[in-house]
Asks: 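One structure follows; several queries about it will come next.
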Amino acid sequence: MTTLTRRIVSLLTPRGRDVSSNAETSPVWSCNEWDSLEEVVVGVVDGAMVPQGDAAVDAIIPEHAEWFIKKYGGKPFPEEMIEKAGEELDGLAKVMTDLGITVKRPQPFDFSKKYTTPWWSSRGLYAAMPRDVFMVFGDTIIEAPMAWRSRYFEGFAFHDLMNDYFKRGGRWLVAPKSTMDEEFYDKNYDSRVPMKDNKKQFVLANNEIAFDAADFVRCGKDVFVQKSNVTNDMGIEWVRRHVDPEFKIHEVEFGDLHPMHIDTTIVPLAPGKILVNPEWVKKLPPIFDSWEVLTPPPPVISEDTGLYFSSDWLTLNMLSIDEKRIIVEEQETPLIEALKKWGFEPIPIPFRNFYPFGGSVHCATLDVRRKGRLESYF
Ligand code: ABU
């Protein structure tokens with residue numbers, strides 16, 4: 001697009017802005033999950049705390065993990081777990097640095113410090129999962145309000161980075177915080193009865209804005225979001241109203257009965273190629289009709305895989321370096337073989353010790369800059 005055309009487009013678009021005009025110059029630019037990665041934030045587990053159950057935490061804790069929360073809730077994660085997961089995060093950072101990608105890490109932050117709002121008190125969680133807190137739409141970083149009390153101030157652990165992106169020309173939009181008071185959570189929600197009258201139930205009342213960024217997945221101009229135990233209707237509507245009008249937000253629903261984050265449910269890997277969770281996705285919305293749907297083998301998990309804050313499907317929580325290369329956990333060998341068969345080039349790394357913190361490689365990262373343009377793939 002020439003400068004003159006850009007200028008005309010910017011005069012014509014409803015908010016007077018051409019999103020793509022900053023694609024070359026902004027430190028922030030990412031429109032999908034697969035364009036060539038140039039800069040990424042990798043989380044840290046230093047000082048990670050186990051959350052003290054609030055209703056939204058309780059809503060997603062698997063029964064087999066309740067003992068862990070009872071034992072450690074409100075206390076630091078055991079030192080050995082932090083050490084091993086920290087080594088894996090450093091390894092992930094090194095793999096990407098060696099690939100020529102700029103890697104940034106969050107600043108030290110004291111998550112053990114108790115804080116008090118007018119409604120409740122809590123301690124923090126961690127800065128392990130930048131994906132949960134931030135998402136990038138073109139040249140704009142959106143900071144999510146979150147829905148766990150232990151994550152109320154989590155964004156601040158990344159503010160040195162965000163301030164720097166802002167100073168260098170990036171746009172940074174912060175969603176309004178909710179009170180997270182008693183009314184914010186639905187008192188009648190019972191995680192053992194996640195369906196009522198054929199309708200999925202969620203722990204969040206819809207009285208204030210709530211979303212985690214990881215409930216959104218980007219395919220250029222089309223962005224997909226699910227309602228979950230951390231994302232409500234008001235949160236989705238806030239994003240819809242505040243992103244540039246080029247982005248279309250599609251709400252989707254799948255079969256996960258305790259949903260929290262969409263990045264183990266549908267995983268777009270390249271234009272026209274999407275990996276889907278076979279347990280939860282029986283049918284994709286018609287917009288994907290022209291896309292190739294890839295069905296992965298079951299995850300590799302053993303008795304000692306401590307999945308305390310997630311489903312069994314962290315296997316799908318991968319990070320694309322580009323349309324071919326994908327970073328994937330090294331023990332997920334059936335998936336690695338399937339990816340090769342489909343023409344991808346998996347890059348296996350050890351990441352098992354990170355699983356007990358609730359995510360894998362996708363959760364642990366935020367792709368701040370990818371090459372490419374804002375396009376429609378449908
Ligand atoms: N934060 C990713 C976890 C999603 C899942 O439990 O499958």
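One-based numbering, in listed order, for ligands and for the atoms of each.
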Asks: Could you say whether the N/O atoms of Asp132 and ligand 1 ever approach to under 3.5 Å?
Replies: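 Not met; the criterion fails.
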Asks: Nearest to atom 6 (O) of ligand 1, what protein heavy atom do you find, and at what distance?
Replies: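 Protein heavy atom with the smallest distance to atom 6 (O) of ligand 1: Ser311 N, 2.8 Å.
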Asks: Does atom OH of Tyr377 have more than 12 heavy-atom neighbours from other groups under 6.0 Å away?
Replies: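 Check passes, neighbour count above 12.
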Asks: Counting neighbours of NZ on Lys167 that are heavy atoms of other residues, nucleotides or ligands and sit closer than 6.0 Å, is the number greater than 12?
Replies: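 Counting neighbours around NZ of Lys167, 12 or fewer heavy atoms of other residues, nucleotides or ligands fall under 6.0 Å, so no.
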Asks: Atoms of ligand 1 less than 4.0 Å from Cys363 heavy atoms?
Replies: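 Taking each heavy atom of Cys363 in turn, ligand 1 has 1 (N), 2 (C) under 4.0 Å.
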Asks: May I ask you to check if ligand 1 and Asn317 share an N or O to N or O distance below 3.5 Å?
Replies: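 No, since none of the N or O atoms of Asn317 sits under 3.5 Å from an N or O of ligand 1.
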Asks: Using a strict threshold of under 4.0 Å (side-chain N to carboxylate O), is an ion pair present between Asp190 and Arg192?
Replies: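 Counted as a salt bridge, because a side-chain N and a carboxylate O are separated by less than 4.0 Å.
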Asks: Can Lys371 and Glu38 be counted as an ion pair, charged N to O under 4.0 angstrom?
Replies: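 Salt bridge: yes.
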Asks: Any non-hydrogen atom of Gly359 lying under 4.0 Å from ligand 1?
Replies: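 Checking ligand 1 against Gly359, which is what was asked, there is no heavy-atom contact under 4.0 Å.
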Asks: Would Val368 and Val361 show up in the same hydrophobic cluster when neighbours are defined by side-chain heavy atoms closer than 4.5 Å?
Replies: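 The answer is no; the residues belong to distinct hydrophobic clusters.
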Asks: In terms of atom number and element, which parts of ligand 1 are under 4.0 angstrom from non-hydrogen atoms of Asp263?
Replies: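 Once the distances to Asp263 are compared, the set is 2 (C).
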Asks: Does ligand 1 have any atom sitting under 4.0 Å from a heavy atom of Trp280?
Replies: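 Contact present.
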Asks: Run through Phe77, Tyr308, Phe309 and flag the one making a ring pair (Phe, Tyr, Trp, His ring centres under 6.0 Å) with Phe357.
Replies: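 Exactly one candidate clears the test, Phe77.
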Asks: Quick one: which ligand 1 atoms are inside 4.0 Å of a heavy atom on Ser310?
Replies: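 Counting from 1, the qualifying ligand atoms are 6 (O).
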Asks: What atoms of ligand 1 come within less than 4.0 Å of a heavy atom belonging to Thr264?
Replies: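 Under 4.0 Å from Thr264, ligand 1 has these atoms: 4 (C), 5 (C), 7 (O).
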Asks: Pull out every atom of ligand 1 sitting under 4.0 Å from any heavy atom of His261, numbered as shown with elements.
Replies: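 Numbered from 1, ligand 1 contributes 1 (N), 2 (C).
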Asks: May I ask whether Gly358 has any heavy atom positioned less than 4.0 angstrom from an atom of ligand 1?
Replies: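 The answer is yes, since Gly358 has a heavy atom less than 4.0 Å from ligand 1.
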Asks: Of the side chain and backbone of Ile60, name the one, both, or neither that has a heavy atom under 4.0 Å from an atom of ligand 1.
Replies: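 The answer is neither; Ile60 stays 4.0 Å or more away.
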Asks: Whether Asp367 and Arg370 form a salt bridge (side-chain N of Lys/Arg under 4.0 Å from carboxylate O of Asp/Glu) is what I want to check.
Replies: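 Yes, charged N to carboxylate O under 4.0 Å.
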Asks: Examine the proximity of ligand 1 to Met260 and report which part, side chain or backbone, both or neither, has a heavy atom under 4.0 Å away.
Replies: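 The backbone, only.
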Asks: Do Arg131 and Glu154 meet the salt-bridge criterion of a basic N to acidic O distance under 4.0 Å?
Replies: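 The answer is no: the pair does not qualify as a salt bridge.
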Asks: Are the charged groups of Glu88 and Lys84 less than 4.0 angstrom apart, N to O?
Replies: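 Salt bridge between Glu88 and Lys84, a charged N being under 4.0 Å from a carboxylate O: no.
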